[in-house]
Amino acid sequence: MSAAQVASLSPEAVTIEERSPFQIVMRRFQRHRLAMISLVVMLAMFTITLLAPYIAPFKIQELSVNKYFVPWGTVDAETGRVHHMGTDHIGRDYFSRLIYAGRISLTVAILSVLISETVGIVIGAISGFFGGWVDTILMRFVEFMLTIPQLPLLLIISSMLLRNEEMIAIPDPVLKFMGDILLLSPRDSRNAVLIVMVLAGFGWLSAAQLMRGTVLSLREQTFVEASRSLGASNFRIIMRDMIPNAMAPIIVDASLGLAGYIVGEAALAFLGFGITDPVPTWGNMLAASQQFMLDRPWLPLVPGLPIFLCSLAFNYIGDGLRDALDPRLKL
Amino acid sequence: MTAYFIRRILQMILVVLISAVASYALLNLAPGGPLQGLRQVQQGGRFQITEDDIARIRAYFELDLFLPYRFTRWLIGEPRGPLVIGGQEYFADLKVGCRKPIESEKLNVDTGEYESIITGCKEDVFMKDLVGRRVSRGVLLGDFGLSWKVLRDRPVTDLLASRLPKTIELLGLQSLLSILIGIPLGVYSAVRQYSRFDYIFTSLAFMGSAMPTFFFGIVLILVFSIIPKDAGWMYLPAGLSESIRDYSIPIIGAVEAGSLKDRFLHLILPLSVLTMVNIAGWSRFVRASMLEVMRQDYVRTARAKGLSERVVIMRHAFRNALIPFITIVVFTLPGLFGGAIITESIFAWPGMGLLYIKALGDFDYPVAMSIFFILAVLTVIATLLRDVLYTLVDPRIRLS
């Protein structure tokens, strides 16, 4: 190629459309078809549960006396409201409870993820950045927690917390905040707060390990050295250089964590050590349906399918995000 | 090397001790416990239960001792009474508990219920009172004490011994099947990467690992037990490990309760749930590590030497791909003991997992603590075993 030919090319011909990193990630994510479908499914689920009070015809604890297990689509004679999915064994509207249960299950999962990732990021960043004895103590503690059998300990803790709810003082604003999100009374939302504490209490461990590993590798990068030579404080380096650059694995971990917490909360409720009736969650509705499934085989599918769908969807989204955020994969 | 082992073993002891203290405190600090039923009877007013009765029952469950003494008596069977050195008793008047606590009723404004709060002590328990009380020899010496509720007053060891075979039967077969099926599937789909088989299998495994066991179990019960039974087809029995009465199934015919055939039929469903979930996870793991190995130079070298593809895959790639798999397989050791808590409770399989749930639900703390303690010990042993095995199979890794 001669010099003349290069000069003849106009500037427009060689510049390509500029894309922000976010757009690049979005384009990569869109190629993962199952992740996109999952995203749509989850958005629909979030919308339905957000609009629960407008969609659900009944309140969660509203009893229709003498109308147990009415068939799907039965119309309430007095008020004209429809039991879209019939009623449960004590005459509560199944469809309404299912929607509110989704709201509770999703909220618990999201709050657990937010808390555990935040704690994990902070602990992991401190541990990886400062190293030395701080690192030794923190990571020994994390390893120690991880060598204890998880589910048995989780069961011990949650059974103790839930049986002696009054022993643990939870500030009223927290209860009220939770109650406002879940549309429950502050007293009923106590269980949910405790379960979030239990789930997040174990969840931050893996996030901290992940963050520490990332920070350790970032610490040696030249841009950190550059920041330091410009006189940036430790706090500034952690906040501006470390955390934003370590976000990719954390985001993937969080979306997989959502799947884990939804299943975890449901499993605890299923075993009777989580949020209990009268507050509905998919897990305790599934557990309750188990004793009636001999006569009504479809009953367990109603609360069980959303658990499965959410778990699958968040797994796919996590998978898609991993592909999209991995800088080694070029478009 | 010796120093490493000594340090590791000290760490293990520390981990087990701390987790035992923590869970013991969690279970025992909380009110309720074995006295809860008693209080309900008392409030019902059907029986007159005197203060002395309560004191006796509290002493029976050792609830009248302070927590640290209760814990050491549970762990090592001490203290049994005053320390005797050269015929002289020491600490005989040390206060170790409270026989009759003073309880005052307080109205809880939130719930509108009266709660009793311990405000003082009427009668103390002293070290000298401990002489002659029954005490276990201590968990460390293999005496797990007596069950409180599940099998009242029978040794916990008996209870564990009756449940353990069931759990090992289920979990042992599960591990065996998962290895036998999961590894070849993972290897095959790695060797044929991006083939139709790989694609279908990977998506199935993905769904399998996203599937919660409790939902999967219920679906299997529906599809293979309830629906076919209603329709009068051949079905599989679900629940328990063997039936109580003789029964007959279409096509299979009459089944005698407790026979080998009966036990086999009961095993199929829980075993399938556990195995399928496990295969999904394990084979994905094997596939990933196999793909990693197939990219290595030594595999290319083996191919370049002109070795057959079969030898390359089996001798050179497969063996190395299994190294990270050790991490997973070793942890089936505590799993074998702990049982699969969720699966066992769906299928009412009388194993350790179900026992653990039942013990927690019934406030039978000696049983729950024993299972938790043994599990914690096995888990730390598995962790050590994994690290040692790692160095054996991969000389590049050093213990330090």
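Naming: A, B, ... by sequence-line order, numbering from 1 per chain. Computed from a predicted model, the values in this text were never measured in an experiment.
For residues 16-24 of chain B, a heavy-atom distance under 4.5 Å to chain A picks out B:I18, B:S19, B:S23, given by residue number. The contact list for residues 301-309 of chain A toward chain B, using heavy atoms and a distance under 4.5 Å, reads A:L301, A:G304, A:L305, A:I307, A:F308 by residue number. Among residues 253-265 of chain A, the residues having any heavy atom closer than 4.5 Å to a heavy atom of chain B are, in sequence order, A:V263.
Checked against the 6.0 Å centroid threshold, A:W282 and A:F270 do not count as a close aromatic pair.
The environment of A:F177 atom CZ is sparse: at most 12 non-hydrogen atoms of other residues, nucleotides or ligands sit within 6.0 angstrom. By the neighbour-count criterion of 12 heavy atoms within 6.0 Å, atom OH of B:Y247 is densely surrounded, having more than that number from other residues, nucleotides or ligands. Within a 6.0 Å radius of CZ in A:R296, more than 12 heavy atoms belonging to other residues, nucleotides or ligands are found. Counting non-hydrogen atoms of neighbouring residues, nucleotides and ligands closer than 6.0 angstrom, the CZ atom of B:F224 reaches no more than 12 such neighbours.
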Task: Worked verdict on B:M12 versus B:V377 for side chain to side chain contact (heavy atoms under 4.5 Å, CB included) - done: CA-CA 8 Å; B:M12 282 163 58; B:V377 171; over 6 Å; no
Task: Audit row: B:K358, B:D364, salt bridge (Lys or Arg N to Asp or Glu O under 4.0 Å) steps and yes/no - done: CA-CA 8 Å; B:K358 198 170 160 47; B:D364 196 335; over 6 Å; no
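By the 4.5 Å heavy-atom criterion applied to side chains, B:L170 and B:P270 are counted as neighbours. Looking at B:L171 and B:T332, their side chains never come closer than 4.5 Å, going by heavy atoms from C-beta outward. Under the 4.5 Å side-chain criterion, counting only non-hydrogen atoms from C-beta, B:S209 is not in contact with B:V277. Looking at heavy atoms from C-beta onward, B:Y199 lies out of side-chain contact with B:Y194 at the 4.5 angstrom threshold. Annotation: side chain of B:W349 is not in contact with side chain of B:T343 (no heavy-atom distance under 4.5 Å).
Between B:M352 and B:E344, the closest heavy-atom pair is N-OE1, 3.4 Å. Of all the heavy atoms in A:P297 and B:I226, the pair that sits closest is CG-CG2, 4.3 Å.
With a threshold of 4.5 angstrom between heavy atoms, A:F314 does not approach chain B through any atom at all. The parts of B:I346 that come within reach of chain A are both its backbone and its side chain, each placing non-hydrogen atoms under 4.5 angstrom from that chain. In this structure, chain A has heavy atoms under 4.5 Å from both the backbone and the side chain of B:L375. When heavy atoms are compared at a cutoff of 4.5 Å, A:A266 approaches chain B by way of both its backbone and its side chain.
Residues forming a ring pair (Phe, Tyr, Trp, His ring centres under 6.0 Å) with A:W298 (at least two apart in sequence, or on another chain): A:W72.
When A:S311, A:P152, A:P300 are compared by the number of non-hydrogen pairs under 4.5 Å with chain B, A:P152 comes out ahead. Contact count against chain A (heavy-atom pairs under 4.5 Å) is highest for B:I357 among B:I371, B:I357, B:V380, B:T383.
Between B:F373 and the options B:F144, B:W74, B:F337, a ring pair (Phe, Tyr, Trp, His ring centres under 6.0 Å) holds for only B:W74.
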